[in-house]
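The structure appears below as structure tokens.
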Amino acid sequence: QTIDVEVIRGTENLDQALTITYTVSAKYANTGNDASGTFSIIGATEPNKITIPIDRSSAKIKLRTIDNNGSDGAKRVTFTITSTSDATLNLGYPGPDGLKKSINVVIQDDDCTFDINNFLGDYS
């Protein structure tokens with residue numbers, strides 16, 4: 001599965017490319033333990049950076065889930081914008097708190113817990 005997280009330029013100036021630096025953290029929803037090995041970021045030219053090209057208002061960070069066979073629960077992945085190549089821009093909504101500079105993506109578990117009592121057939 002691939003999930004797109006869109007980053008939108010909040011200015012009308014499309015004459016220059018805009019590079020955004022971000023952090024990524026991932027935790028299992030049920031335990032709070034690190035879940036960073038359950039997905040990968042694809043298509044990035046540099047780790048934790050994305051560039052919105054000239055004449056474009058947005059770009060997408062592509063997150064690919066890594067499948068496993070274990071029932072490990074949902075994962076919460078948080079992307080937070082930390083800086084841009086244009087220091088005059090506000091991060092998130094305008095204002096002192098910079099609201100909405102982070103977004104959470106929840107990856108639901110697609111595996112069921114193995115129960116030997118539900119197993120049909122022979123095994124050794």
Side-chain angles (χ1 to χ4, degrees):
Q1 292 283 338
T2 302
I3 302 162
D4 291 338
V5 177
E6 189 170 27
V7 179
I8 300 171
R9 184 191 306 240
T11 177
E12 294 178 9
N13 180 8
L14 305 179
D15 296 337
Q16 294 182 11
L18 179 66
T19 300
I20 295 112
T21 303
Y22 59 90
T23 61
V24 182
S25 66
K27 304 282 183 192
Y28 285 102
N30 58 348
T31 65
N33 292 335
D34 181 54
S36 58
T38 62
F39 66 93
S40 62
I41 305 295
I42 57 172
T45 55
E46 291 183 64
N48 293 1
K49 287 189 178 183
I50 187 170
T51 299
I52 301 175
I54 294 172
D55 294 331
R56 299 291 307 265
S57 60
S58 67
K60 293 179 181 177
I61 301 169
K62 294 190 175 289
L63 180 141
R64 177 177 287 153
T65 59
I66 297 173
D67 198 19
N68 62 23
N69 292 323
S71 178
D72 51 9
K75 299 90 171 158
R76 181 181 306 275
V77 182
T78 303
F79 293 88
T80 302
I81 297 173
T82 57
S83 65
T84 70
S85 58
D86 183 348
T88 65
L89 292 177
N90 287 325
L91 301 180
Y93 286 148
D97 297 331
L99 300 174
K100 301 293 183 184
K101 64 182 178 182
S102 292
I103 187 168
N104 291 311
V105 175
V106 176
I107 302 170
Q108 295 294 333
D109 194 0
D110 65 345
D111 299 303
C112 298
T113 304
F114 178 75
D115 183 351
I116 194 66
N117 295 318
N118 293 330
F119 185 75
L120 300 176
D122 297 327
Y123 67 92
S124 60

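Just so you know, these numbers use all the heavy atoms, side chains as well, and skip hydrogens, waters and symmetry mates. What you see is a predicted model; the values in this text were computed from it and never measured.
- Residues Leu89 and Phe79 share a hydrophobic cluster, clusters being chains of Ile/Leu/Val/Met/Phe/Trp/Tyr side chains in contact below 4.5 Å.
- Interatomic distance, NZ of Lys75 versus CD1 of Ile66, reported as 10.5 Å (0.5 Å rounding).
- Each of Asn48, Val5, Thr78 was evaluated against Val24; a single residue qualifies, Asn48, per the side chain to side chain contact (heavy atoms under 4.5 Å, CB included) test.
- Few gaps surround CZ on Arg9; more than 12 heavy atoms of other groups in view lie less than 6.0 Å from it.
- Partners of Glu6 under the side-chain contact (heavy atoms from CB on, under 4.5 Å) rule, at least two apart in sequence or in another chain, are Ile8, Ser58, Lys60.
- Expressed to the nearest 0.5 Å, how far NZ of Lys49 lies from OG1 of Thr82 amounts to 9.0 Å.
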Checklist entry - Would Val106 and Gln108 satisfy side-chain contact (heavy atoms from CB on, under 4.5 Å), going step by step from the backbone distance to the final call? => result CA-CA 6 Å; Val106 176; Gln108 295 294 333; 3.4 Å; yes
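- Here the shortest heavy-atom pairing between Thr80 and Ser102 reads OG1-OG, 2.7 Å.
- One finds the CZ atom of Arg76 at 14.5 Å from the OH atom of Tyr28 (value rounded to the nearest 0.5 Å).
- Of the inter-residue distances, the one linking Leu63 atom CG with Thr2 atom OG1 reads 8.5 Å to the nearest 0.5 angstrom.
- Ser83 contributes no side-chain N or O that, together with a main-chain N or O of Thr21, makes up a donor-acceptor pair within less than 3.5 Å.
- Nearest heavy-atom pair across Ser85 and Ala17 is OG-O, 4.1 Å.
- Connection of Ile81 to Ile3 is established within a shared hydrophobic cluster, with ILVMFWY side chains joined at heavy-atom distances below 4.5 Å, either directly or through further cluster members.
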For a quick test of your reading: what N or O donor-acceptor pairs under 3.5 Å do the side chains of residues 35-42 make, sequence neighbours left out?
{"residue": "Ser36", "atom": "OG", "partner": "Asp34", "partner atom": "OD1", "Å": "3.4"}
{"residue": "Ser36", "atom": "OG", "partner": "Asp34", "partner atom": "OD2", "Å": "2.8"}
{"residue": "Thr38", "atom": "OG1", "partner": "Ala35", "partner atom": "O", "Å": "2.7"}

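- In this view, Lys62 and Asp4 satisfy the salt bridge (Lys or Arg N to Asp or Glu O under 4.0 Å) rule, not counting sequence neighbours.
- Taken to the nearest 0.5 Å, the CD1 atom of Ile50 stands 4.5 Å off from the CD1 atom of Ile61.
- Of all heavy-atom pairs between Leu14 and Ile54, the closest is O-CG2, 3.4 Å.
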